[in-house]
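Have a look at the structure below before the remarks.
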Amino acid sequence: MSDNKIRSTPSKNNLRKPVVLMSMGAQERKGHDYQVMTHKYIQPLVEFSGCVPVLVPTCCGIEDLEQYLDMADGVYLTGAGSNIDPALYGQENETPNKGQDRDRDLFDLPLIRAAIARGLPIFGICRGMQEINVALGGDIYQKVYAEPGFNDHRENPDDPVEVQYAASHSVRPVAGSWFAELMGKDEIQVNSLHGQAIRNLGKGLEVLATAEDGLIEAIHAPSLSPFLFAVQWHPEWQAAKNPDSVKIFQAFGDACHRRVASRSSRQAA
Ligand SMILES: N[C@@H](CCC(=O)NCCCC(=O)O)C(=O)O
């Protein structure tokens, strides 16, 4: 087994580390209901963003949402195999055989809107990017693989996990964007493990990168938030071995550290 130990990074400028909310997902095992978070999402947030993760159960409703946000300096919405309930973006369910996670849907959508209202940095991956889009009134291709003109962006679940998460297509950052500057190149290679994707963008969202077939692969919202960034691929996968992924997590971490610094200076004033 590879060294999976998470190595924490020291805090910056003698300020406390940012606290980042990570909403968990539902899983049922042997007749028991679990709330889960995959290790691979936690590791780069600690090691490269330099943040402190707070894992939030999504099975308890949104009564304590504001209290969670009061303690947060950022929100990190991870991927998950479940599909967002299409009723939340006005469609009938075209994938009845795919699992859903209504509790996570009904927690994350208000979480996203409230975090934007507070100006909290937000980073989304895969399902997390789709949640951001739906939270802002956008909708989803439920079966990208069945849409004319798009490639099949799914992984083969029978492949070894290293193959499932291997680079499988290129993505082009929008020329002249902050993301293109961050990546320092016109094209990056990314993995791909999704059957759904953004169709119509939600209010205030803008495209930040696209796949070869034109599918939206990254978004931001400069008119809504100082840092709202989401990607369809999985930069968390073995992030330490991928300089592009490290840069992405460092950018999110920097935004959260700026949040801490501004709160600290406001408290000092
Ligand atoms: N169900 C959606 C989102 C897919 C997604 O987040 N996949 C990640 C799966 C496992 C992991 O957490 O890495 C879709 O199919 O588009």
With sequence neighbours excluded, what pairs up with [X] under the side chain to side chain donor-acceptor pair (under 3.5 Å) test?
{"X": "T210", "result": "none"}
{"X": "T78", "result": "none"}
{"X": "E155", "result": "none"}

For [X], which residues count as a salt bridge (charged side-chain N to carboxylate O under 4.0 Å, His left out) partner, sequence neighbours excluded?
{"X": "D85", "value": "R102"}
{"X": "K40", "value": "E236"}
{"X": "D159", "value": "none"}

Do T95 and N83 have a side chain donor and acceptor closer than 3.5 Å? yes
Inter- and intrachain pairs under salt bridge (Lys or Arg N to Asp or Glu O under 4.0 Å), touching [range], at least two apart:
{"range": "residues 259-269", "result": "D73-R263"}
{"range": "residues 164-186", "result": "R172-E187, K185-D244"}
{"range": "residues 128-153", "result": "R104-E131, R127-E131, D139-R199, D152-R154"}
{"range": "residues 56-65", "result": "none"}

Is the gap between the ring centers of H234 and Y165 under 6.0 Å? yes
Using the ring pair (Phe, Tyr, Trp, His ring centres under 6.0 Å) rule, collect all pairs that involve residues 94-134, keeping only residues at least two apart or in two chains. Y76-F123, F123-F229, F123-F249, F123-F252
Of all pairs that satisfy ring pair (Phe, Tyr, Trp, His ring centres under 6.0 Å), the ones with a partner from residues 12-44, not counting sequence neighbours: none
CG of L205 to CD1 of I198, rounded to nearest 0.5 Å, is 6.5 Å
